[in-house]
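To keep things clear, I will list the structure first and then write my remarks on it.
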2 protein chains.
Amino acid sequence: MSKTTETKRVPSPAAGSTAGEAWEVLASLVYPPPFLAIAQESGLRPATFGALRVLDEPRAMSEIAALLRCDNSNVTGIVDGLEARGLAERTASPGDRRVKLIALTAEGRRLRGRLMREARKPPAWLEGLSSDDQRTLRDVLRRATA
Amino acid sequence: MSKTTETKRVPSPAAGSTAGEAWEVLASLVYPPPFLAIAQESGLRPATFGALRVLDEPRAMSEIAALLRCDNSNVTGIVDGLEARGLAERTASPGDRRVKLIALTAEGRRLRGRLMREARKPPAWLEGLSSDDQRTLRDVLRRATA
DNA sequence: TATTGTTATACTCTATAACTATA
DNA sequence: TATAGTTATAGAGTATAACAATA
């Protein structure tokens with residue numbers, strides 16, 4: 001869970017700059033992250049949810065470890081959990097018999113689709129903005145990444 | 001660490017709405033949270049950083065647990081860690097001798113001040129926006145919380 | 001009796017190191 | 001010899017339950 005929220009709980013002094021003011025409001029809106037709640041509600045543990053997320057296609061264990069930025073040895077347990085729930089299967093790699101490809105089952109693909117759609121859903125405060133404000137926000141943020 | 005980033009890693013289908021588009025960009029900008037990196041660089045573990053954050057004034061163990069949304073029993077260990085580092089002290093509560101008030105030491109206050117200033121610092125992408133865009137962003141976000 | 005904080009215990013997530021089976 | 005994955009083990013973070021001191 002989040003012991004990470006900053007604003008609103010600790011009374012913060014005036015930020016002193018426009019960027020600081022914007023950041024203060026933004027942090028209060030996006031932390032804690034909504035997808036943590038989604039993982040919890042789905043009954044999946046964070047690590048399992050993370051693995052499901054990157055399994056958009058069959059991947060080797062080491063590939064999953066790299067995407068999750070964790071050690072290979074963890075992936076063994078995480079994939080064990082996915083297999084136990086019937087969400088994924090270890091399959092042999094055609095070229096290299098050391099490699100195991102992890103593929104979602106039909107049920108795994110169903111669950112993943114549902115959770116990914118949920119995770120992409122904009123939070124209520126964003127849906128509640130006027131269409132103009134939504135467009136403005138989107139455009140400013142796009143300039144920030146340009 | 002973050003096994004929580006969504007955008008940019010998994011190719012996501014077009015969001016299909018202005019809010020969805022805005023959210024997609026926003027998520028790529030704010031996850032993983034910058035204060036996780038701050039905690040790590042400071043050599044504090046996330047739980048310790050969280051406790052330090054809520055100790056703007058002396059607080060009872062149970063109060064800390066409530067703010068961190070964790071069990072009382074965890075706070076014992078977290079405060080043990082703060083004490084071992086010389087950052088906080090258990091002091092007796094004047095009214096109720098069951099209660100222990102945790103107060104930061106001078107060193108704890110110094111470190112907390114430094115970390116909080118760091119955590120409030122707007123990220124580079126926000127500082128890099130034009131003044132106009134910063135103001136626009138701030139005002140839209142303020143309307144979202146109104 | 002009820003409450004505050006501690007201890008005992010257990011489960012999850014993470015990492016390192018030693019091991020296996022391939023290459 | 002090197003690599004992919006597993007196992008053994010350990011440390012941190014979390015939770016529940018039983019306990020001591022105090023109310």
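Labels below follow one simple rule: chain letters A, B, ... track the order of the sequence lines, proteins then strands, and each chain is numbered from 1.
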Worksheet item: Roughly, in whole Å, what's the span from CZ in R59(A) to P in dA4(D)?
Response: 16 Å
Item to complete: Indicate, with a heavy-atom threshold strictly under 4.0 Å, whether S73(A) touches base, sugar-phosphate, or nothing.
Response: base
Practice prompt. Provide, to the nearest angstrom, the distance between the CZ atom belonging to R85(A) and the P atom belonging to dT12(C).
Written response: 11 Å
Worksheet item: Do other residues, nucleotides or ligands put more than 12 heavy atoms under 6.0 Å from R90(A) CZ?
Response: yes
Discussion item. For M61(A) and I78(B), find the nucleotide of DNA chain D closest to each by heavy atoms; which residue's nucleotide sits nearer the 5' end?
Written reply: M61(A)
Item to complete: Please state whether the base of dT22(C) and the side chain of R97(A) form at least one donor-acceptor pair under 3.5 Å?
Response: no
Worksheet entry | S73(A) and D71(A) side chains, donor-acceptor separation under 3.5 Å | yes
Fill in: Separation of atom NZ in K100(A) from atom C1' in dT22(C), rounded to whole Å
11 Å
Fill in: Nucleotide nearest P46(A) (side chain, heavy atoms from C-beta), chosen from dC13(C), dA2(C), dT14(D)
dC13(C)
Discussion item. Under 4.0 Å between a side-chain nitrogen and a carboxylate oxygen: does that hold for K121(A) and E127(A)?
Written reply: no
Fill in: Ring centre gap for F35(B) and F49(B) strictly below 6.0 Å
no
Worksheet item: Rounded to whole angstrom units, what separation is found between the CD atom of Q40(A) and the C1' atom of dT14(D)?
Response: 12 Å
Worksheet item: N72(A) has an atom CG; how far is it from atom C1' of dA8(D), in whole Å?
Response: 16 Å
Worksheet item: If you check every side-chain atom of T76(B), which of dT12(C), dA15(C), dG5(C) has the closest atom?
Response: dG5(C)
Worksheet item: Taking 4.0 angstrom as the limit, do E107(B) and R110(B) come out as a salt bridge?
Response: no
Worksheet item: Taking the side chain of R98(B) as its heavy atoms from C-beta onward, which of dT6(C), dT14(D), dA2(C) lies nearest to it?
Response: dA2(C)
Worksheet entry | Sugar-phosphate, base or nothing in reach of D96(B), heavy atoms under 4.0 Å | sugar-phosphate
Worksheet entry | Interatomic distance where CG belongs to D71(A) and P belongs to dG5(D) [whole Å] | 12 Å
Discussion item. For dG5(C) and S62(B) - does any side-chain N or O of the residue sit under 4.0 Å from the phosphate oxygens OP1/OP2?
Written reply: yes
Item to complete: Specify the separation, in whole Å, of atom CG of D80(A) and atom P of dG5(D).
Response: 13 Å
Discussion item. What is the distance, to the nearest angstrom, from the CD1 atom on I64(A) to the P atom on dT6(D)?
Written reply: 10 Å
